[in-house]
Amino acid sequence: MQKPKILIARAIPPAALERLAGHFDVEANQADELWSRAEFTERMSGKDGAFTTGGERIDAELLAACPRLRICANMAVGYNNFDVPAMTAAGVLATNAPDVLTETTADMGFALLMATARRISESEAYLRAGLWNKWRYDMFTGTDVHGATLGVLGMGRIGQGVARRGAHGFGMNVIYHNRSRLDAQTEAACKARYVSKEALFREADHVVLVLPYSKEAHHTVGATEIGWMKRTATLVNIGRGGLVDENALADALGEGRLLGAGLDVFEGEPTVNPRLLALKNVVLTPHIASASVPTRLAMANLAADNLIGFFSGAGPKTPLNPDVLNRRA
Ligand code: 8YV
């Protein structure tokens with residue numbers, strides 16, 4: 001029997017590629033070329049399945065060009081690159097890669113929070129530039145993390161991980177806002193109190209954004225929300241760049257209306273708004289929140305499990321539109 005044909009859109013850990021090659025007729029991209037939309041569509045057109053990362057857009061237009069396609073497995077928990085309703089309509093299964101990256105990503109949220117509050121990047125740049133010639137009482141004085149109020153916007157698995165770190169590790173007073181309130185047991189485990197969005201921005205000393213991106217969530221944090229924040233507060237974004245109006249943020253950071261920001265994701269990434277690059281009080285990292293060696297391997301293996309499970313009949317582990325499976329059954 002012919003093996004299903006799959007496209008692996010980007011370079012992936014070799015161990016995951018080896019597994020996939022054992023099950024499928026694989027077209028890989030270990031050279032990690034960035035294909036144009038036309039080239040990606042062309043390569044996808046004869047495939048039964050695809051291994052995608054967060055960057056490949058799967059929408060009605062692409063699906064129309066790929067009549068054989070039955071599954072796209074994303075190596076990311078976020079799936080704003082998928083038009084899930086269009087995939088469901090086309091009978092194409094969508095899967096993502098949740099859970100395996102929760103703690104690693106929460107670690108990074110906390111790392112950015114600390115680096116921002118304690119001005120780590122700015123002070124390191126100063127030292128490396130050879131400018132450090134004496135101690136001063138107010139040199140790079142930042143703000144405290146321990147005992148401060150942590151506001152988590154988006155209290156899914158990763159948000160809860162950030163909240164637990166703050167509450168249990170740093171004695172923080174944790175408040176959160178989410179589309180729906182968590183059950184009492186989960187709130188207790190995170191020692192977190194539910195507040196309105198406005199109260200979160202007004203009360204928090206450190207705000208961490210961990211909500212998924214959708215059109216409705218575009219610029220969740222704009223001039224109004226930033227205006228609610230304390231001048232001594234920090235903002236961390238490990239969700240998606242589009243959640244924040246970067247120009248409003250740059251205005252506030254530049255005018256001293258906010259102490260600092262820690263950003264792992266950007267509206268036009270990998271291009272970064274030059275206004276952010278020019279500011280000292282912002283810590284910038286290139287979308288690496290899930291980037292530990294074991295976690296990236298686990299994410300790739302979960303995407304591979306989804307492809308292998310789907311085609312073997314055992315079933316995918318983390319389907320986003322399981323209706324597609326029921327329809328096929
Ligand atoms: C990925 C992420 O590394 O999982 C997500 O949603 O943002 C990151 O962990 C990125 O999307 C590339 O796949």
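Each ligand, and each atom within it, is numbered from 1 in the order the structure gives.
Heavy-atom contacts of Val77 reach the following atoms of ligand 1: 4 (O), 5 (C), 6 (O) (cutoff under 4.0 Å). Contact atoms of ligand 1 toward Arg296: 3 (O) (distance under 4.0 Å to a heavy atom of the residue). For ligand 1 and Ala76, the ligand atoms under 4.0 Å from any heavy atom of the residue are 4 (O), 5 (C), 6 (O), 11 (O), 13 (O). Close contacts between ligand 1 and Thr53 involve ligand atoms 13 (O) [criterion: under 4.0 Å to a heavy atom]. Interface atoms of ligand 1 facing Leu101, defined by a heavy-atom separation under 4.0 Å, are 4 (O), 9 (O). Below 4.0 Å from some heavy atom of Gly78 lie the following atoms of ligand 1, by number and element: 4 (O), 5 (C), 6 (O). Atom numbering of ligand 1 starts at 1 in the shown order; those under 4.0 Å from a heavy atom of Arg240 are 2 (C), 5 (C), 6 (O), 7 (O), 11 (O). Near Met75, the atoms of ligand 1 lying under 4.0 angstrom from a non-hydrogen atom of the residue are 13 (O).
What you find for Val162 and Ala106 is that their closest heavy atoms are N-CB, 3.8 Å.
Checked against the 6.0 Å centroid threshold, His23 and Phe311 do not count as a close aromatic pair.
A salt bridge links Asp107 and Arg165; the closest N-O separation between the charged side-chain nitrogens and carboxylate oxygens is under 4.0 Å. Under 4.0 Å is where a charged nitrogen must lie from a carboxylate oxygen, and between Glu225 and Lys197 at least one such pair does. In summary, Lys47 and Glu27 engage in a salt bridge, as defined by a charged side-chain N under 4.0 Å from a carboxylate O.
The protein non-hydrogen atom at the shortest distance from atom 12 (C) of ligand 1 is Gly54 N, 3.7 Å. Atom 10 (C) of ligand 1 has its closest protein heavy atom at His287 NE2, 3.8 Å.
No side-chain heavy atom of Thr102 sits under 4.5 Å from any side-chain heavy atom of Gln160.
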